[in-house]
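Below, read A as the first sequence line, B as the second, and so on, with proteins coming before strands; counting in each chain starts at 1.
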Amino acid sequence: MSKALVKDKKLPREAYKALEDIVGAEYISEEPVVLDSYRWVWGNEGIFGRRLAPFRPLAVVLPGSVEEVSAIVKVCNRFKIKFRAFSTGFETTALTSKEPMLIIDLKRMNRIIFIDEKNRIALVEPCVSLAEFFYECIKRGLRFNVISGGPSSSVVASSACHMGAGFQQVSGGYQPQNLLAVEWVLPTGEVVRLGSMATDSGWFAPHGPGLNLRAILRGYSGTNGGHGIITKVAVRLAPWFGPPRLEVKGGPPIYHIENPENLKLYFVAFPSLSNLIEALRMISEEQIAMCAHKTPLGGISLSMVTTESNNEALEKMERNKDMIQKACYSILVLLDAFSPKELELKESILKKILEETNGEVIQLSEKERSALLAFNLIALGTFRESFRPGGSFLVAAFNDSTIDAAANTTLVLEDILLRYAKEGKIVFMPGESWLAPIAGGQWCHVEQVYGYDAADPESIKAANEVLACSIKTMAEKKLGIWSDSCLAFDDSVNDIAGPLCFNYHRWIRKIRKMLDPNLVCEASWYTAKDE
Amino acid sequence: MPLEDYRSLIERCVRCSHCKHVPYVALARVDRRFRPVCPSNEKYHFHSWSAGGRTITSYSLMIGELKYSPKVIDVVYQCLMCGACDVSCKIQMDLEPYEVMLELRVKCVEDGQIPVEFIPVIEGLRKDDNMLQKPKSERGKWAEGLNVKKLPEEKAEVVFHAGCRFSFDEGLWSTARKALTIIKEAGVDVGIFGVDEACCGGRAYEMGYQGELVKYMDHNVESWRNAGVKTVVTPCSDCYATFKAWYSRFGRRVQVMHIVEYLERLVREGTIKLTREVPMKVTWHDPCHLGRRSEPYLYSAPGKPYITPEKKIMGIVAYDPPKPWRRGAKGIYDPPRNVLSSIPGLKLVEMHRIREYAWCCGAGGGVTYAYPEFSAWTAKERIKEARAVGAKAIVTACGWCERNFRDAVKDLVDGFEVYDIVDLVWEAMGR
Ligand SMILES: Cc1cc2nc3c(=O)[nH]c(=O)nc-3n(C[C@H](O)[C@H](O)[C@H](O)COP(=O)(O)OP(=O)(O)OC[C@H]3O[C@@H](n4cnc5c(N)ncnc54)[C@H](O)[C@@H]3O)c2cc1C
């Protein structure tokens with residue numbers, strides 16, 4: 001049910017003045033037209049029945065430095081104002097709240113402070129996007145895992161605040177593993193530096209003297225702004241064997257990328273899921289690939305990512321039924337090597353693995369290759385598969401496990417998804433699931449994404465039903481339900497998952513209370529309940 | 001086309017902010033400093049000042065939760081309508097952010113919600129058929145003494161349409177004169193309407209005045225037909241995009257060439273010879289209206305331009321019939337570069353933001369009238385970029401861009417030049 005606008009709530013004048021004094025009049029606003037653009041984000045329709053939340057935030061403030069951030073948080077404590085910060089504000093968890101809050105948009109804090117080539121460390125501020133970071137890193141022979149949130153997602157949010165599973169994690173590890181020292185403005189406004197920076201010894205390590213607080217800072221899935229504000233993160237980088245600059249030609253929407261030296265993309269189909277899993281496991285173990293993952297949305301990915309519009313994608317589905325069918329059990333592998341000789345060797349290993357697992361290399365057109373390369377390098381194209389079909393998506397199975405367990409999870413929910421897809425209410429194809437092994441493949445991230453039409457109430461309703469059903473099934477079958485908590489609003493999953501998982505929800509509530517005595521952080525996407 | 005017709009497209013905006021930046025693959029060739037592509041968002045910071053933000057504003061106004069206020073007018077009109085957002089958005093989405101912003105303006109005009117500074121401009125247009133508030137009687141002055149056919153009294157195959165800026169900005173007259181002379185001397189059967197020329201209507205339309213566009217479209221198309229005109233040639237990129245894109249949006253197809261295309265053809269065919277050295281390091285500024293905004297609408301019915309019925313297949317939203325998307329790729333990008341490369345001694349260096357993701361000059365969308373400081377700031381940002389790549393001059397092919405740039409470089413102590421491409425060709429011809 002769509003909800004109508006609740007009467008605007010305003011900040012006390014004294015508080016507004018105090019905030020304005022910190023950032024200057026140019027960087028704060030409580031104009032309705034400004035606030036409206038901060039109450040709209042994809043996913044809201046599932047919670048409120050429409051994209052525009054039924055209440056406006058209290059105000060929006062744009063700090064330019066850690067000092068300003070700290071001062072703002074202190075004002076929030078003084079006046080007991082709920083707040084949440086974000087880096088790009090693209091994630092639902094950035095803008096959707098239970099009640100009006102002060103929004104802290106960190107867009108002005110966008111410096112790459114350094115990239116230390118020798119030690120493979122970089123230090124960045126919140127609004128550095130993964131794509132621009134990628135381009136800066138490759139100039140220096142380095143790279144950082146990109147997530148399927150896409151090229152605009154920030155290094156900081158994906159590392160320290162929200163999930164962090166991505167396309168290159170099979171080689172470089174995923175964000176939580178690569179997070180080093182951090183600068184953190186606590187919910188009280190106090191600025192702390194964790195890890196090696198606790199003793200001012202440099203940004204190189206997550207472990208400081210005494211306890212390693214990284215688990216509290218972000219835990220498994222992130223606290224989604226429920227725990228203060230991260231103003232700098234240091235991250236560990238992986239080696240990049242390609243050229244310092246991608247050669248891009250042509251025009252939009254699918255730019256042509258010359259094949260980078262020392263890299264080679266493979267798109268491989270398998271006769272069955274078990275073959276596919278075996279191949280993924282072997283590729284991960286052999287450590288031959290920069291990227292190796294199950295094509296996230298299978299046939300939908302292939303048809304959407306490599307085309308310019310939904311019409312073209314549907315035509316492609318119709319024209320290439322066989323290829324689309326094969327894409328449902330397919331993987332994307334990007335081999336990278338130090339030298340052409342090493343690439344040859346890795347290719348021969350891959351060939352051997354595919355022989356053993358009945359993998360079939362699918363030939364790609366130039367356009368498909370360019371599109372899928374951009375997809376793997378900077379996650380460009382993830383919107384084509386998840387947002388372009390109807391403007392929104394949700395995730396059914398969502399889990400980190402062994403590869404086998406992860407794959408099994410998706411099978412459990414497939415029937416439900418297919419039932420709704422058949423009625424045309426959601427977008428989903430058989431076999432669809434993103435399996436992304438992490439660093440060497442001991443474990444694996446899984447997401448089972450389905451699209452829906454954000455402009456169609458029927459479709460929104462169906463998407464919500466599928467989600468509820470998925471959560472229930474995951475809980476009943478004890479299939480890693482805890483992973484869902486970072487995507488669940490208002491403790492809806494914590495209350496189900498907590499009792500199944502050592503009552504973790506009670507622990508995080510206690511920790512939250514300790515760090516945030518005035519409960520000023522709007523923590524609807526972490527844990528909002530007070531124990 | 002009422003805003004309401006775009007409702008489902010509006011509701012599918014995900015707020016990704018891609019509309020604020022150079023397309024992410026193209027970013028591979030852009031220095032990080034020049035990543036922003038939306039002047040409005042760069043200047044005014046908050047999300048409302050972006051295509052995504054204005055999409056939300058449209059929705060909130062449409063459902064009555066947002067009421068007009070001076071700030072709403074600022075949000076709507078502190079935008080150059082340069083369309084860079086539209087290119088970046090459509091890399092991945094089947095949405096129409098530019099169309100939504102345009103319809104929002106049309107709605108604002110209908111509701112009488114405009115910056116007051118627009119009033120004299122539009123009154124001037126209605127009275128004198130131009131956007132510079134100049135007397136109509138002065139319109140043909142720029143061509144005095146050129147000995148060229150005068151339409152509609154005479155007939156010609158080609159009409160040279162100078163446009164309001166070239167007609168009334170005396171500092172640009174020589175460019176228009178050179179352009180016309182080159183065409184004439186190439187043996188083309190060309191004429192001008194002179195004092196009888198009228199505005200194209202494009203700038204007014206981009207301010208939200210749809211009625212003015214339709215009025216001038218009907219008038220111009222009719223006048224050209226009566227004068228036997230087959231092709232319209234213009235040195236103004238705004239006029240070019242209007243004839244090619246906006247008129248086609250309302251179902252009228254016009255055979256139009258920008259002077260740059262004409263020059264390229266003449267150079268290629270050897271009709272004009274570029275022999276004199278022009279030893280200069282220059283950069284090319286892609287005018288929005290020559291580039292991304294100039295793509296015609298490939299299908300449209302009068303008054304029903306761009307919405308075709310949606311249909312869902314497998315839950316995927318598609319269009320029936322399929323819609324040919326305008327994504328900015330098919331603008332006029334190579335001809336000016338080819339012409340400049342043919343000039344001996346001239347070194348062309350590229351800026352970071354080029355072609356479909358070029359940074360705007362700052363003169364569009366009515367901003368020059370209502371928010372001149374924003375307009376000047378945008379031009380200065382572009383000049384900074386030109387200087388950052390080592391250029392000593394910026395070359396373009398639009399009177400509006402040139403005027404804005406000329407004003408922006410006025411105070412520079414170490415000298416930086418602004419040229420129209422016609423001027424450089426003229427010089428290279430040894431004239
Ligand atoms: C199509 C799609 C696919 C996605 N796939 C993945 C995926 O594969 N893996 C994955 O990990 N995620 C994924 N996501 C989720 C998400 O977009 C990303 O995790 C990403 O990190 C968000 O980055 P951002 O900068 O846009 O975040 P924002 O929108 O800025 O913020 C995300 C959350 O972090 C908090 N936050 C951000 N910055 C700060 C800060 N400096 N201090 C405190 N809190 C902060 C916000 O409050 C918010 O709750 C996906 C999203 C989309 C839309």
Problem set entry | Gap between atom CZ of B:Phe46 and atom OG of A:Ser37 - 0.5 Å precision | 9.0 Å

Exercise. Are B:Arg15 and A:Tyr38 in a cation-pi setup, meaning NZ or CZ lies under 6.0 angstrom from the ring centre and within 45 degrees of the ring axis?
Worked result: yes

For this session: Hey, can you tell me if B:His45 and A:Tyr27 have their rings parallel, tilted or perpendicular (30° and 60° cut-offs)?
Result: tilted

For this session: Please determine if A:Glu132 and B:Arg35 form a salt bridge, counting it only when a charged side-chain N lies under 4.0 Å from a carboxylate O.
Result: yes

Exercise. Okay, side chain of B:Asp94, backbone of A:Asn310: is any donor-acceptor separation there less than 3.5 Å?
Worked result: yes

Exercise. Would a 4.5 Å heavy-atom cut-off, applied to side chains only, mark A:Pro151 and B:His18 as touching?
Worked result: yes

Problem set entry | Inter-residue atom distance A:Leu314.CG - B:Ile313.CD1, 0.5 Å rounding | 5.0 Å

Exercise. Relative to chain A, which segment of B:Tyr44 carries a heavy atom at a distance below 4.5 Å: side chain, backbone, both, or neither?
Worked result: neither

Exercise. Distance from B:Arg12 atom CZ to A:Arg388 atom CZ, nearest 0.5 Å?
Worked result: 12.5 Å

Problem set entry | Stepwise side chain to side chain contact (heavy atoms under 4.5 Å, CB included) check, B:Ile63 with A:Leu52 | CA-CA 10 Å; B:Ile63 63 169; A:Leu52 200 61; 4.0 Å; yes

For this session: Could you check which of A:Phe383, A:Trp42, A:Tyr452, A:Phe134 has the highest count of heavy-atom pairs closer than 4.5 Å to chain B?
Result: A:Phe383

Problem set entry | Carboxylate-amine/guanidinium proximity below 4.0 Å for A:Arg56 and B:Glu65 | no

For this session: Output yes when a side-chain donor or acceptor of A:Arg51 lies under 3.5 Å from a complementary backbone atom of B:Cys13, and no otherwise.
Result: yes

Exercise. Is any side-chain N of the basic residue among B:Lys67 and A:Glu31 closer than 4.0 Å to the acidic one's carboxylate O?
Worked result: no

For this session: Taking A:Asn311 for its side chain and B:Ala318 for its backbone only, find out whether a donor-acceptor pair lies under 3.5 Å.
Result: no

Problem set entry | Candidate pair B:Lys312 and A:Asp456, rule side chain to side chain contact (heavy atoms under 4.5 Å, CB included), full reasoning | CA-CA 11 Å; B:Lys312 263 192 228 172; A:Asp456 174 359; 2.6 Å; yes

